[in-house]
Amino acid sequence: MYLEKLSIYNFRNIQQVDLSGFCAFNFIHGINGSGKTSILESIHTLALSRSFRSRKMESVISYGFDALTVRGEIVVDNKNVNTVIGVSRPKKGSVVVKINGEKLSTVGELAGVLPVQVINPASFELLEGSPSVRRQYLDWGVFHVKHSGFYEFWPRYRKALLQRNSLLRRGNIEACQLAPWDRELAVMAAYIHEERKKHFKLLEQAFNPIYARLLKLSGVDDGASSMPPLSMVMHAGWKVDEIDFEEHLKNNLTSDLRAGFTRSGPHRADIEFKIGRLPAGDVLSRGQIKTLVCALKLAQSKVLLDQGVSTVFLVDDLAAELDQYRCMAVFAELVSLGVQVFASSVKRSDLNDEWCKGKGLKRFHVEHGSIAEC
Ligand SMILES: Nc1ncnc2c1ncn2[C@@H]1O[C@H](COP(=O)(O)OP(=O)(O)OP(=O)(O)O)[C@@H](O)[C@H]1O
């Protein structure tokens, strides 16, 4: 699967741009503030109807305009007909998403059409941010695995959780009032945990060789080789091996009532990264963390690829944070995955032609929101 055409209207400093004929690798360069990230952001909006930078889409709509639109044409492997996605975000009112001209009734239906992975300066959050960032990372993969009913069960879990929490906040309630919600939560929790566990195992298997190669291919001994090994452990959000979730909720009712919310469950799951016995974030350098995060994102893509799902990578200014050896190593992995890549840099020379190993490469220059092939 790859993106073949992209049209952007009123998206930050980009008023109107029509691009086509993308290659496997698409390198975008331009000075600060020229609009490089906005192009990547527009592809993300096409895929998920939202930006990876701003929560409020209003800040993404070009000053003085009422709506933004992004349109893209995707070539899906083994299909003769391209898929056309259109996303319009007005300042007021809700988002409109169309696939092949048909308006979707829910934005959720868009998810999965164009799986994208972002590697940008905020990617550090995967290690250093709150557990929700790591849950999002894990669930992204679980969701994209074909035929996983995850997105059917997760909203049911969330609905039951909201109901239970509102009863807990009310206080002075009988255990029997919670019982139906506890039951529903337990059924959903078992399913969600099982899906996450299966996916995490695949992720670990994909991650280990990629991470090892990134460390090795980066070609410099930065001390990482003498470090204790990295471990990553998934925590379910409750003591899943010891107790059934329904039982656990009953046992913890007093403390949940005191807190006014459900303190444990799949909504509190996390992934723990350690170097030896220490948190990886306390030991690794910024560049080493970024390398680890790249390996994690690449691993997601590998797992999906093994299931026949291809990913588009949006790589924002990698050269600003990784040295050329590590950049080269990351690109070697992208080449071997055979995914489509949109990568940005300030200087043209920050992204090296040779990293693409003869796969198709197109270069674009951005200036004041205007984009030209170069
Ligand atoms: N809503 C908006 N309307 C118009 N312009 C905007 C809007 N929001 C941001 N901008 C401007 O759009 C430009 C593009 O920003 P973008 O982050 O894409 O630049 P960039 O090329 O990635 O820069 P850098 O190299 O500094 O990361 C910036 O000059 C920014 O000030």
Side-chain angles (χ1 to χ4, degrees), residues 3 5-19 22 25-72 86-96 116-126 286-287 289-290 293-294 297 312-324 326-327 330-331 334 340-352 355 361-374:
L3 185 65
K5 288 185 185 167
L6 178 70
S7 297
I8 311 167
Y9 306 95
N10 307 329
F11 200 105
R12 296 203 189 269
N13 69 337
I14 303 172
Q15 241 87 90
Q16 186 188 342
V17 156
D18 295 294
L19 301 167
F22 293 124
F25 286 83
N26 303 279
F27 289 171
I28 304 155
H29 73 278
I31 58 169
N32 292 136
S34 56
K36 304 178 296 295
T37 309
S38 304
I39 299 172
L40 306 185
E41 210 181 354
S42 73
I43 300 173
H44 191 271
T45 303
L46 192 67
L48 291 157
S49 80
R50 60 182 162 79
S51 155
F52 54 73
R53 266 205 293 191
S54 309
R55 274 179 178 269
K56 285 193 177 158
M57 285 305 279
E58 193 181 334
S59 57
V60 185
I61 300 169
S62 301
Y63 306 138
F65 287 85
D66 293 328
L68 64 79
T69 300
V70 186
R71 218 170 279 132
V87 177
S88 292
R89 273 263 175 192
K91 236 177 211 164
K92 291 186 186 125
S94 44
V95 62
V96 177
V116 292
Q117 285 274 12
V118 182
I119 297 177
N120 68 354
S123 299
F124 284 108
E125 292 286 302
L126 189 47
R286 298 290 284 175
I289 291 177
K290 196 65 183 273
V293 169
C294 287
K297 303 239 169 173
V312 172
F313 270 81
L314 308 175
V315 185
D316 197 14
D317 219 357
L318 192 65
E321 285 160 282
L322 290 187
D323 60 46
Q324 55 170 323
R326 281 178 179 76
C327 283
V330 170
F331 274 83
L334 291 167
Q340 191 181 30
V341 179
F342 291 81
S344 78
S345 65
V346 173
K347 285 188 286 167
R348 184 186 167 105
S349 58
D350 285 341
L351 293 165
N352 194 322
W355 295 346
L361 167 65
K362 219 167 217 188
R363 284 190 178 268
F364 299 90
H365 179 241
V366 195
E367 202 173 358
H368 304 304
S370 296
I371 302 146
E373 222 180 297
C374 61

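Ligands are counted one by one from 1 in listed order, and the atoms in each one are counted from 1 as well. Along the sequence shown, residues carry numbers from 1.
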#### Entry: Side-chain donor-acceptor contact under 3.5 Å, Ser7 with Asp18
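On atom types as modelled, these side chains qualify, holding a pair under 3.5 Å.
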
### Task
Consider only side-chain N and O atoms of Thr45 and Ser51, and report whether a donor and an acceptor are under 3.5 Å apart.
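Note: Thr45 and Ser51 side chains miss the donor-acceptor criterion.
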
### Message
Other residues, nucleotides and ligands only: do more than 12 of their heavy atoms fall within 6.0 Å of CZ on Arg71?
### Response
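Counting neighbours around CZ of Arg71, 12 or fewer heavy atoms of other residues, nucleotides or ligands fall under 6.0 Å, so no.
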
### Query
When you look at NZ of Lys5, are more than 12 heavy atoms from neighbouring residues, nucleotides or ligands closer to it than 6.0 Å?
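Result for NZ/Lys5: open.
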
#### Entry: Within the protein, residues bringing a heavy atom under 4.0 Å of ligand 1, chain by chain
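The 4.0 Å shell around ligand 1 contains Arg12, Asn13, Ile31, Asn32, Gly33, Ser34, Gly35, Lys36, Thr37, Ser38, Arg53, Ser59, Val60, Ile61, Ser62, Tyr63.
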
### Query
Is the Phe342 to Phe22 ring centre distance short of 6.0 Å?
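Yes, the ring centres sit under 6.0 Å apart.
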
### Message
I'd like to check the side-chain hydrogen bond (donor to acceptor under 3.5 Å, both in side chains) partners of Glu125; sequence neighbours left out, ordered by chain and number.
### Response
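Glu125 satisfies side-chain hydrogen bond (donor to acceptor under 3.5 Å, both in side chains) with no other residue.
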
